[in-house]
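A short worksheet on the structure shown next.
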Amino acid sequence: MTTVVWFKRDLRVTDHAALARAAALGDVVPLYIYEPDYWALPDVSGRLFDFVAESVAALDTALQGLGLGLSVRVGCVVDVLAELRRDIGFDRMTSHEETGNGWTYARDLEVGDWCRANGVVWEELAQSGVVRRLNGRDGWAVQRNAFMRQAQIEMPGALSGPIMTSDPVPRLVADDPCTARQVGGRPMALSLLGSFLTERGKTYRRDMSSPLTGERACSRLSPYLAFGCLSGREAAQAAAARQREVKGTREGWGGSLKSFQARLAWRDHFMQKLEDQPSLEHQCLHSAYEGLRPLDPDAARLAAWEKGETGLPFVDACMRYLNATGWLNFRMRSMVMAVASYHLWLDWRVTGLHLARQFTDFEPGIHWPQVQMQSGTTGMNTVRIYNPVKQGRDQDPDGVFTRAWLPELAAVPDEYLQEPWRWAGAGQVLGRVYPAPIVDVTAAARAARDKVWAVRKGGAFRAEASRVIEKHASRKDPQRHFLNDRAPRPRKAGVSAARDTRQMGFDF
């Protein structure tokens, strides 16, 4: 019996249920398909293509170590499968379940139809804590945690199967120079996991929020988790082993490892949202917010935000850093998205697509729920409007990050770096080497707040919000994985912990 193993966002051989299942049945054909129609979508980019290509090459190397290389094909999935069936006559296929964008969901439906029409048994297996066809969120955390505690799937000792050819892979998307992006493939994922758990992660909880310290203190595993070079279960179990190792010591790892585990749990929580409601990619989670912002954006504002030329120094520094590296820590992701949505009043569908193309770790199941959360369109989250001036002062107090990415502000004194328009010498810089701010930060925030809160009034809004909460909100977790895990900070007198509504993030 020959079984095709269709690799998608699971580019590894370790803890791979679909590969192990196929190997147990007999001969295997490992298959990866570059789909031209997918790479023509508006949420992909050259940096994503390059990362995936490196990860596919690393997967091929790993499979060759098991005795059978990867067959890489280019084309529509059903056409590739039809050609393979004519060549080798397979009647079984395994793969992992995928929580992708709307296009991949429709493609999988088409593949399912083809399999049924051609007598091919397609077995899809879980690879994460996301549960397909979930009836409700009650008890989901227990299911998720149980999955993460299960033993990892053993890697096959050797693979057998027909020797298959591969297609030459054309450049399917435009070049996208990203000079400092992370390199794809499992070897780099394992290196980062090891260094995070033994060295870099010690100050994770304290240092994750700043773009200066977060670059090192964060695990940097997000793109490898997104494309399955590393399974979430591997990461969680490695962190749990490290927790046991340092328990009772005074090494200072406890809080950071707890925070990392919490982020892995929240990662699955947000992916479950898109799994349960695929329309999140295109429609506001709460329908009252449809039409709040114009779908035809202010082109000048959008371009300024994308290029890092808004005249708001900390926002511009973060956008330029993202453009060059493909990564931002979560607090900065939240800020640049919130500024686009509130201060610049741009629709989340437009700005979300740009960020999807820029993030090397683009994961639809996390990206779209988070984009909506930071834009205030869920109806269930606190409306949080970041002050970019305050964020710059808090997260880059010495201006090191801002000056590194905005060298044109070299002449601006530290006191005015985040508000150069207040400097007496602003005329030397603004409108000459650096743009004047395209919005008034205070006035724009006030106007946005008034518009968003105006929508939240009335019984109809509250009724739909209650339904959203019932379907998507996190429930009590007996294992206490889902925690507000940020580093403690003093609360103002009279403010209880129960009123602390700071949002959760993913500073991988």
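Please read these numbers as outputs of a predicted model, since none were measured by experiment. Just so you know, residue 1 is the first one in the sequence shown, and it goes up from there. The figures here come from the full heavy-atom set of this structure, side chains too, leaving out hydrogens, waters and symmetry mates.
Contact record, Arg357 with Ser45: O-OG, 2.7 Å, taken as the closest heavy-atom pair. When every heavy atom of Ala356 is checked against every heavy atom of Leu48, the shortest pair comes out as O-CD1, 3.9 Å. Across Cys218 and Trp327, no two heavy atoms sit closer than the pair CB-CZ2, 3.9 Å. Pro223 and Asp361 make their closest contact through N-CB, 3.4 Å (heavy atoms, listed as atom of the first residue, atom of the second, distance). Residue Gln182 comes nearest to Leu192 through the heavy atom pair NE2-CD1, 3.6 Å, listed as atom of the first residue, atom of the second, then distance. Here the closest heavy-atom approach between residue Val336 and residue Cys318 is recorded as CG1-CB, 3.8 Å.
Taking CZ from Phe359 and NE2 from His354, the interatomic distance works out to 9.0 Å, rounded to the nearest 0.5 Å. With rounding to the nearest 0.5 Å, the separation of CG in Leu25 from CZ in Arg92 is 5.5 Å. Atom CZ in Phe90 sits 8.0 Å away from atom CG in Leu31 (nearest 0.5 Å). Separation of atoms CG (Leu125) and CD (Glu97) is listed at 7.5 Å; rounding is to 0.5 Å. Between Gln152 atom CD and Glu154 atom CD the span is 10.5 Å, to the nearest 0.5 Å. Separating the CG atom in Asp347 from the CG atom in Leu295 is a distance of 5.0 Å, to the nearest 0.5 Å.
No side-chain heavy atom of Arg107 sits less than 4.5 Å from a side-chain heavy atom of Asp37. Pro294 has its side chain within reach of Trp345: a pair of non-hydrogen atoms, C-beta onward, lies under 4.5 Å apart. In this structure, the side chains of Glu124 and Glu98 stay at 4.5 Å or more apart for every pair of heavy atoms. Within the 4.5 Å cutoff, side-chain heavy atoms of Asp50 are placed close to those of Arg171. In this structure the side chain of Thr14 reaches within 4.5 angstrom of the side chain of Arg186, judged on heavy atoms. When side chains are defined from C-beta on, Met337 does not count as touching Met373, because their heavy atoms never get closer than 4.5 Å. Under the 4.5 Å side-chain criterion, counting only non-hydrogen atoms from C-beta, Leu66 is in contact with Val13. Counting only heavy atoms from C-beta outward, the side chains of Arg467 and Lys471 never approach each other to under 4.5 Å.
Side chain to side chain, Arg205 and Ser259 meet the donor-acceptor criterion of an N or O pair below 3.5 Å. Under 3.5 Å, the side chains of Ser95 and Trp122 contain a donor-acceptor pair of N or O atoms. Side-chain N/O atoms of Ser195 and Arg200 include a donor and acceptor closer than 3.5 Å. A donor and an acceptor atom, one from each side chain of Ser71 and Arg73, are located under 3.5 Å apart. Between the side chains of Gln372 and Thr377, a donor-acceptor pair is found at a separation under 3.5 Å. With no hydrogens or angles considered, no side-chain donor-acceptor pair links Glu215 and Asn329 at under 3.5 Å. In this model, a donor atom of one side chain and an acceptor atom of the other lie less than 3.5 Å apart for Ser287 and Glu464. A donor and an acceptor atom, one from each side chain of Gln272 and Trp140, are located under 3.5 Å apart.
Looking only at distances, a side-chain donor or acceptor of Thr104 sits under 3.5 Å from a matching main-chain atom of Asn101. Checked by atom type and distance alone, the side chain of Thr213 never pairs as donor or acceptor with a backbone atom of Ser209 at under 3.5 Å. The backbone N or O of Lys202 sits less than 3.5 Å from a side-chain atom of Ser256, completing a donor-acceptor pair. Here the side chain of Arg47 pairs no donor or acceptor atom with the backbone of Asp176 at under 3.5 angstrom. In terms of modelled atom types and a separation under 3.5 Å, the side chain of His286 and the main chain of Met380 share no donor-acceptor contact. Of the possible donor and acceptor atoms, one in the side chain of Asp60 sits under 3.5 Å from a partner among the backbone N and O of Leu70. Judged by distance alone, with hydrogens and angles left aside, the side-chain atoms of Arg85 form a donor-acceptor pair with the main-chain N or O of Asn118 at under 3.5 Å. Asp268 contributes no side-chain N or O that, together with a main-chain N or O of Val130, makes up a donor-acceptor pair within less than 3.5 Å. A donor-acceptor contact shorter than 3.5 Å links the side chain of Asp316 to the backbone of Thr310. The backbone N or O of Ala236 sits less than 3.5 Å from a side-chain atom of Gln261, completing a donor-acceptor pair.
Aromatic ring pairs are classed by plane angle as parallel below 30°, tilted from 30° to 60° and perpendicular above 60°; the pair Phe401 and Phe314 is perpendicular. Using bins of under 30°, 30° to 60° and over 60° for the plane-to-plane angle, the ring pair Phe227/Phe51 lands in the tilted bin. Ring geometry for Phe260 versus Phe196: interplanar angle of 30 to 60°, hence tilted. Relative ring orientation between Tyr32 and Tyr34 is described as perpendicular, the plane-to-plane angle rising above 60° on a 0-90° scale split at 30° and 60°. Below 30°, between 30° and 60°, or above 60°: for Trp368 and Trp348 the angle between ring planes is above 60°, a perpendicular geometry. Ring pair Phe49/Trp39 is perpendicular by interplanar angle, where above 60° counts as perpendicular and below 30° as parallel. Ring-plane geometry between His16 and Phe7 is classed as tilted, the angle between the planes lying from 30 to 60 degrees on a 0 to 90 degree scale.
Within the cation-pi definition used here (under 6.0 Å to the ring centroid, within 45° of the axis), Arg384 qualifies as a partner of Tyr386.
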- Intermediate values then yes/no, side-chain contact (heavy atoms from CB on, under 4.5 Å), Glu234 and Arg12: CA-CA 12 Å; Glu234 287 182 278; Arg12 63 183 187 277; 3.9 Å; yes
- Checking side-chain contact (heavy atoms from CB on, under 4.5 Å) for the pair Arg132/Glu275: CA distance, chi angles, key distance, verdict? CA-CA 7 Å; Arg132 186 162 285 185; Glu275 179 70 31; 3.5 Å; yes
- Message: As a quick check of understanding, evaluate side-chain contact (heavy atoms from CB on, under 4.5 Å) for Leu355 and Leu322, giving each step before the final call.
- Response: CA-CA 9 Å; Leu355 291 179; Leu322 170 61; 3.7 Å; yes
- Take Trp6 and Val77 through the test side-chain contact (heavy atoms from CB on, under 4.5 Å) and record every step on the way to the result. CA-CA 10 Å; Trp6 179 21; Val77 174; 3.7 Å; yes
- Under the salt bridge (Lys or Arg N to Asp or Glu O under 4.0 Å) rule, what do Asp108 and Lys8 come out as? Steps first, then yes or no, please. CA-CA 11 Å; Asp108 282 356; Lys8 296 189 279 183; 3.2 Å; yes
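Few gaps surround CD on Gln143; more than 12 heavy atoms of other groups in view lie less than 6.0 Å from it. Atom CZ of Phe147 has more than 12 neighbouring heavy atoms from other residues, nucleotides or ligands inside a 6.0 Å radius.
The side chain to side chain contact (heavy atoms under 4.5 Å, CB included) test with Met93 is passed by exactly one of Val29, Val121, Val5, Val111: Val111. Among Gln150, Gln237, Arg233, Gln127, the single residue meeting the side chain to side chain donor-acceptor pair (under 3.5 Å) criterion with Asp15 is Arg233.
Within the structure, side chain to side chain donor-acceptor pair (under 3.5 Å) contacts touching residues 292-306 (residues at least two apart or in different chains) do not occur.
For the pair Glu83 and Arg86, the salt-bridge criterion is not met [side-chain N within less than 4.0 Å of a carboxylate O].
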